[in-house]
Amino acid sequence: MSQLIPVGIAGLGHYVPEWVVENDYFTRFIDTSDEWIQQRTGIQQRRWLRDDQRPSDMFVEAGRMAMERAGVQPEEIDLIMIGTVSADYTCPTNACLVQEKLGCHNAAAFDMAAACAGFVYTMATGSQFIATGTYKNVLVMGGEALSRISDIYDRNSCVLFGDGAGAAVLQPHEVCKQGLLEGFKLAADGKGYHYIIREYGGGLKPVTPQVLVEGSHMLRMKGREVYRFAVAKMIEIMEWGLGDNDLDDVCLVIPHQMNLRIMETAREKLNIPKDKMEVNIHRYGNTSAASCAIGLSEAWAADKLESDKLILLAAFGSGLVWAGARIRW
Ligand code: UT7
C-alpha cells in the first residue's frame, strides 16, 4: 500500500437545542431531587428537543457550522458519516436526511452505531477515507436525541441524558494545517451488551401493544454495573492517550460526559490538572455520541486548543464500546 496521507481537522461545529430542562422538572414524574442528581452525576440542566424538532435538525446545524468554519462549500463534501443510535427513523439513515438538507449533493452518506463512542468511532473511520486518498472532505458527526428514547418514569436513566450534536470536517493535514489526527484506539466487549440496551423495537423483538404498555422499547441501563466498567475503561483510554507524552504537552482532555464522578476519578488517578479537563455535563447532561464533539467545538471557540499541543478524546458507551483519539492541534 502506498504511503498514508496525514489527516487534520479543518472545522468544528456543534448544536444543542434551546429548551433548557432543569433537574426540578423530573420531580413532576419521579421520586428524585435536584440535590440527588447534582451530587451523583454533576448535572444541573440539560437541553432537549421540542416536540416540533427532529433529531436530524441538530446535525444540520452542527454540520453547517463545521463547514462554515472550515471554509468548505456543501458540494465539496465527499462523505457524511453520523454516529447515532437515535436517528429520526430506524431506516433510512440520518446521514441521508442531513445530506439533502445541507445540500451536500456529491456526498456519500451513512450512519454508524457506536453509542456514546459514536463521534470517536466516526472520526476514526472517516479519517481512513482521507488517509487513503479516496476523499478530500469528510464530514463526521456524533449526536443523540436520547430524550426521545428514554422513559421519563425510569429514574435510573431519564435524568442523565441531554440532546445535542457535534461535527468535524476532515481534510488532508497539508490542506487545513491543524488538528492532526495522530492516533485512535477503538475497542469493544460484546459480553456487556445487556448493560445499556433498547431491547424491543429492533429485528429480534418487534414492538407489540404489550411492549408499548410496558415501555420496554425505551432505553434501559444498569447504572451501577456500567459505572464500574466506565471508570476502568476511561482510565485505560486516557492512559493510552497520554502514552509517553509529558502532561505539559497535553493542552486538553475531553472525556465523554457520562458522570462527573467517573470523569473526576479518572482525572485524579492520572494526575491530570483540573483545568486540563473539559467539562460540560453540568450544562448539557450526558449527550452520548455528541459529548466529546461538543467539548471539542466549544474548546476551539473558547481558544483553548493550543497550537502543537495534544488533545485527547476518551469515550465509553453501550455495546460495550470504548474509544480514544489523540489529536495534535
Ligand atoms: O454514557 C453511557 C455510559 N453510562 C454511564 O457510564 C453511566 C454510569 N452510571 C452512573 O452514572 C451511575 O451509576 C448513576 C448516575 C446511573 C446512578 O448513580 P449511583 O450513585 O451509581 O446510584 P445507584 O444506582 O447505586 O443507586 C443508589 C440509590 C438507589 O436507591 P436504593 O436502591 O439504594 O434505595 C437508586 O434507586 O439511588 C436511587 N436512585 C435515585 N434516587 C433519586 C437512582 N436514580 C435516582 C434518581 N433520583 N434519579
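Both counts, for ligands and for their atoms, begin at 1 and track the order of listing. Keep in mind the model is a prediction, meaning the values are calculated, not measured.
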Task: Glu236/Lys233 salt bridge by N-O under 4.0 Å criterion - done: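 Yes, this pair counts.
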Task: Ion pair check, Arg220 and Asp151, cut-off under 4.0 Å - done: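 Between Asp151 and Arg220 there is a salt bridge, with a charged N closer than 4.0 Å to a carboxylate O.
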Do you see a protein non-hydrogen atom under 4.0 Å from [atom]?
{"atom": "atom 28 (C) of ligand 1", "result": "no"}
{"atom": "atom 41 (N) of ligand 1", "result": "yes"}
{"atom": "atom 34 (O) of ligand 1", "result": "no"}
{"atom": "atom 31 (P) of ligand 1", "result": "no"}

To the nearest 0.5 angstrom, please state how far the [atom1] atom of [X] sits from the [atom2] atom of [Y].
{"X": "Asn286", "Y": "Gln257", "atom1": "CG", "atom2": "CD", "answer": "8.5 Å"}
{"X": "Glu22", "Y": "Arg46", "atom1": "CD", "atom2": "CZ", "answer": "8.0 Å"}
{"X": "Cys176", "Y": "Gln171", "atom1": "SG", "atom2": "CD", "answer": "5.0 Å"}

Just need the protein heavy atom nearest to [atom], so name the residue and atom and give the distance.
{"atom": "atom 5 (C) of ligand 1", "value": "Val226 CG1, 3.6 Å"}
{"atom": "atom 47 (N) of ligand 1", "value": "Thr32 OG1, 2.6 Å"}
{"atom": "atom 2 (C) of ligand 1", "value": "Cys116 SG, 3.4 Å"}
{"atom": "atom 43 (C) of ligand 1", "value": "Asn156 OD1, 3.4 Å"}

Closest candidate by heavy atom, reference [atom], pool [options]:
{"atom": "atom 22 (O) of ligand 1", "options": "His256, Arg224, Arg40", "value": "Arg40"}
{"atom": "atom 6 (O) of ligand 1", "options": "Lys233, Met258, Arg261", "value": "Met258"}
{"atom": "atom 18 (O) of ligand 1", "options": "Tyr227, Phe316, Trp36", "value": "Trp36"}

Examine [X] against ligand 1 and note whether any of their N/O atoms are separated by less than 3.5 Å.
{"X": "Arg155", "value": "yes"}
{"X": "Gly223", "value": "yes"}
{"X": "Thr41", "value": "no"}

- [ ] Assess whether ring pair (Phe, Tyr, Trp, His ring centres under 6.0 Å) is satisfied between Phe26 and Trp48, documenting all intermediate values.
- [x] CA-CA 13 Å; Phe26 295 94; Trp48 278 5; 5.6 Å; yes
What are the atoms of ligand 1, with element, lying closer than 4.0 Å to any heavy atom of [X]?
{"X": "Met221", "value": "4 (N), 7 (C), 16 (C)"}
{"X": "Asn259", "value": "10 (C), 11 (O), 12 (C), 15 (C)"}
{"X": "Asn286", "value": "1 (O), 2 (C)"}
{"X": "Ala230", "value": "6 (O)"}

- [ ] Look at ligand 1 and say whether Asp31 reaches it with a heavy atom at a distance under 4.0 Å.
- [x]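 Per 4.0 Å heavy-atom rule, Asp31 contacts ligand 1.
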Open item on the list: Looking at ligand 1, would Ile37 count as a contact under a 4.0 Å heavy-atom criterion?
Closed with: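 In this structure, Ile37 fails to qualify as a contact of ligand 1 - no heavy atom is under 4.0 Å.
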Open item on the list: Does the plane of the ring in Phe229 sit parallel, tilted or perpendicular to the ring in Phe316? Use 30° and 60° as the thresholds.
Closed with: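 The arrangement is parallel - the two ring planes meet at less than 30°.
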Can you confirm whether the side chains of [X] and [Y] place a donor and an acceptor under 3.5 Å from each other?
{"X": "Glu298", "Y": "Tyr284", "value": "yes"}
{"X": "Ser147", "Y": "Arg47", "value": "no"}
{"X": "Asp154", "Y": "Ser157", "value": "yes"}
{"X": "Ser56", "Y": "Asn94", "value": "no"}

Task: Identified salt bridge (charged side-chain N to carboxylate O under 4.0 Å, His left out) partner of Asp57 from the options Arg50, Lys101, Arg64 - done: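 Option passing the salt bridge (charged side-chain N to carboxylate O under 4.0 Å, His left out) with Asp57: Lys101.
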